[in-house]
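Taking it in order: structure first as structure tokens, then the write-up.
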Amino acid sequence: MATIEHPSPGRLRAWMLEGLSDMGRKGGTTAPHAEPEPAHREQRWWRVMCLTGVDYFSTLGYQPGIAALAAGLLSPLATIVLVIVTLAGALPVYRRVAEESPHGQGSIAMLERLLSFWKGKLFVLTLLGFAATDFLITITLSAADASTHLIENPHLNSVLHGRQMLITLLLVALLGAVFLKGFLEAIGVAVALVGVYLALNVVVVVTGLWHVVTAGHVVTDWTSALTTEHGNVFVMVGLALIVFPKLALGLSGFETGVAVMPHVRGDPADTEERPTGRIRDTKKLLTTAALIMSCFLIATSLITTLLIPAHEFKSGGQANGRALAYLAHEYLGNAFGTVYDISTIAILWFAGASAMAGLLNLMPRYLPRYGMAPHWARAVRPMVIVFTLIAFLVTWIFNADVDAQGGAYATGVLVLISSAAIAVTIASRKAGQRRWAVAFGVIATVFLYTTVVNVIERPAGVKIGACFIAGIILVSLLSRLARAFELRVTSVTLDGMAERFVRDMASRKIRFIANEPDRRDKAEYRDKIEQIRQDNDLPEQEDFVFVEVTVTDPSEFEAGLAVHGEVLHNRYRVMTLESASIPNALAALLLHVRDSTGCTPHIYFEWTEGNPFANFLRFFLFGQGEVAPVTREVLREAEPDRRRRPRVHTG
């Protein structure tokens, strides 16, 4: 009988970590760092709009039903408020974000540039938690709504009824399987899906409006019910403003619109520093998508509110999570309705693919660079498995319910838009654009209010967001702790004087003294040499080069190292360098000198006074502390061969 050949652990690991730049590295003198991003095949802006449109436009699958549940008869008025906020608020904000981050970094990168030290890292981690909420709930909500369209189809209802959870999990698993095999952003597929889906929605909207116009009593019944329930127009407008935050799902898609900027084909004269054509066409993309969506939002909220009985929107009703599909079956027949269902399921599933691609683009951009993710977080497949398992958990927690996930989704969307509004407000102020700063400040206030109201009314969103934030921060800090002794200097560059020092010492013994600079006078260096000689019983004729490290931002994880040489007091040779961590900088310098000269360098320390644990925390948080043993441990991890390891002496 033939035997099945199982892949060896090595082959499985290679497949899982395919694309990881340091895969299989046994040691080395530089920290792992990501490979350059592959070049994108640039496309016309309207084609790229369809790529972001699978996320943005697919919300039509569930937005009208959620709006009807949230606002009732006021749904059209509340939707008009949503459209005004979209066109006068979110659109100008993200047009400015496109100017400030033309390579798709988004508002998180803008805020990252404004903050440093640990407060900046923790702020970015918090925003990443809300971004993860946004993208992961996009995956689970879209899959849940796709399964709703599948189950409620008249031809399949009897067979699939009661299997919502199973179908949703299967769709999420299928999405993960596609990415494990290797997913390429197929803009052509997105263009076809968006084109067909919008065309079918035009048919449904036109048909719905025709029935509204021809059946005159529908409008009069609606206006009479509004007047009876709310009294006058001013009360209606006020209530619409209050209800509007519940409709925030209709604002999704702008962050994705900026993220796909690298795909937009600009002008031939564009440069990496200033891609003017790409920025201009991305603004066209954002504006066109917002205008198309605004028209659909108003039209669909009107026809669904006027033509669908209120009880059908509730849980268990035929229009719950599929209001437009309900109208397609009701007024255009089951054949057209089935075609509409297939189109909706396809675009909702592809919206999940767009969200997964966003996660895979966003998390590795920040976490490994902060040292807050394991090495394998740079590879696609392990991250796909992690995100798929989390999506399973979220689907199970929310019982694959579209309405239940709306709050969490809206919270993620609103936090990202609010952060973008704050970022462009600060950017405008720094640029001296006072009027724009005031305008963006007002927009930021509106979105912050909307976010707070949404959190108060639907706390499930901030709860799931808080879980993601807590998880990301906890895993990030544990990962950073586990990688504390990892060599994380990406390159070492010596200037001419420093090179001369190294060449001169290479003919004898290469001996460095680690010195914490104080007054930097003649007595400081003379006393330090005398102390090192006495502690280590070295002869008078031995000469040394001092190494002094200045700590910059200790929250940074990876960076290059520039070494400068100077002679002080006409006698003492000193190498100065700046780094986020003293032990890492010293270890990287020693390994670089060893590799460039072929000689084993020696470095001399004095013991640091104080509690060892407190000193380790100082090293972990502030890049300094117990330098001698940490330098030795970094060297031990970077160079497994003890014979080739630089020597560390402590007295």
Side-chain angles (χ1 to χ4, degrees), residues 27-30 487 489 491-550 560-579 581-608 626-651:
T29 61
T30 60
L487 187 66
V489 175
S491 63
V492 179
T493 306
L494 276 63
D495 68 2
M497 184 65 73
E499 289 277 8
R500 284 178 57 189
F501 294 165
V502 172
R503 284 197 305 269
D504 178 57
M505 287 191 297
S507 61
R508 299 182 298 280
K509 278 273 189 183
I510 302 178
R511 299 188 188 274
F512 294 107
I513 293 178
N515 183 53
E516 183 177 358
D518 188 11
R519 299 182 306 275
R520 303 193 84 201
D521 57 8
K522 187 182 295 185
E524 177 182 340
Y525 295 106
R526 182 186 65 238
D527 295 344
K528 187 75 171 183
I529 289 177
E530 186 61 29
Q531 177 189 340
I532 292 298
R533 282 180 172 152
Q534 289 178 4
D535 289 345
N536 296 275
D537 195 23
L538 294 171
E540 287 284 337
Q541 63 269 24
E542 291 291 345
D543 62 344
F544 304 90
V545 171
F546 289 92
V547 182
E548 298 177 347
V549 182
T550 302
L561 201 64
V563 184
H564 304 283
E566 57 182 324
V567 178
L568 296 181
H569 311 297
N570 296 317
R571 180 175 180 182
Y572 302 107
R573 294 172 295 177
V574 182
M575 286 184 174
T576 60
L577 47 151
E578 294 183 345
S579 175
S581 167
I582 294 175
N584 259 277
L586 295 175
L589 175 63
L590 294 172
L591 290 168
H592 176 81
V593 170
R594 180 204 65 182
D595 293 340
S596 61
T597 63
C599 303
T600 301
H602 297 248
I603 189 166
Y604 296 86
F605 297 91
E606 61 176 300
W607 287 113
T608 304
E626 188 62 274
V627 177
V630 176
T631 302
R632 195 264 176 190
E633 184 61 22
V634 173
L635 287 169
R636 190 186 67 82
E637 286 207 2
E639 178 51 78
D641 188 349
R642 187 170 182 174
R643 294 169 300 176
R644 301 190 67 241
R645 195 182 301 154
R647 304 292 190 262
V648 175
H649 307 269
T650 309

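Nothing fancy with the numbering, it's 1 onward along the sequence.
- In this structure the side chain of Pro646 never reaches within 4.5 angstrom of the side chain of Ile603, judged on heavy atoms.
- How far CZ of Phe605 is from CD1 of Ile532: 9.5 Å, rounded to the nearest 0.5 Å.
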Determine, step by step, whether Val593 and Phe512 satisfy the side chain to side chain contact (heavy atoms under 4.5 Å, CB included) criterion, reporting the C-alpha distance in whole Å, the side-chain angles of both residues, the deciding distance to 0.1 Å, and the verdict. CA-CA 11 Å; Val593 170; Phe512 294 107; 4.1 Å; yes
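- Salt-bridge annotation for Glu639 and Arg644: present, with a side-chain N of the basic residue lying under 4.0 Å from a carboxylate O of the acidic one.
- Glu524 places a side-chain N or O within donor-acceptor distance of the main-chain N or O of Arg520, the cut-off being under 3.5 Å.
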Criterion side chain to side chain contact (heavy atoms under 4.5 Å, CB included) on Val547 and Leu577, from CA distance to verdict:
CA-CA 8 Å; Val547 182; Leu577 47 151; 3.7 Å; yes
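- In this structure, Arg571 has no salt bridge (charged side-chain N to carboxylate O under 4.0 Å, His left out) partners at least two apart in sequence or on a different chain.
- For the pair Phe546 and Leu568, the minimum side-chain heavy-atom distance is 4.5 Å or more.
- Phe501 places none of its side-chain heavy atoms less than 4.5 Å from the side chain of Leu494.
- A heavy-atom distance below 4.5 Å is found between the side chains of Arg636 and Glu633.
- Remark: the backbone N or O of Gly565 is paired with a side-chain donor or acceptor of Asp495 at under 3.5 angstrom.
- In this structure, the side chains of Arg526 and Glu530 stay at 4.5 Å or more apart for every pair of heavy atoms.
- Note: Tyr604 and Phe544 have perpendicular aromatic rings, judged against thresholds of 30 and 60 degrees for the angle between ring planes.
- A distance-only check finds a donor-acceptor pair linking the side chain of Arg647 to the backbone of Arg645 [under 3.5 Å].
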**OP:** Evaluate the criterion side chain to side chain contact (heavy atoms under 4.5 Å, CB included) for residue pair Met505 and Arg511; output intermediate values, then yes/no.
**Re:** CA-CA 8 Å; Met505 287 191 297; Arg511 299 188 188 274; 5.5 Å; no
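- The shortest distance between side-chain heavy atoms of Leu635 and Leu591 falls below 4.5 Å.
- To the nearest 0.5 angstrom, Leu538 atom CG is 11.0 Å from Asp543 atom CG.
- The shortest side-chain heavy-atom distance between Arg573 and Asp504 falls under the 4.5 Å cut-off.
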Hey, mind stepping through Val502 and Met575 against side chain to side chain contact (heavy atoms under 4.5 Å, CB included) and telling me if it holds?
CA-CA 10 Å; Val502 172; Met575 286 184 174; 3.4 Å; yes
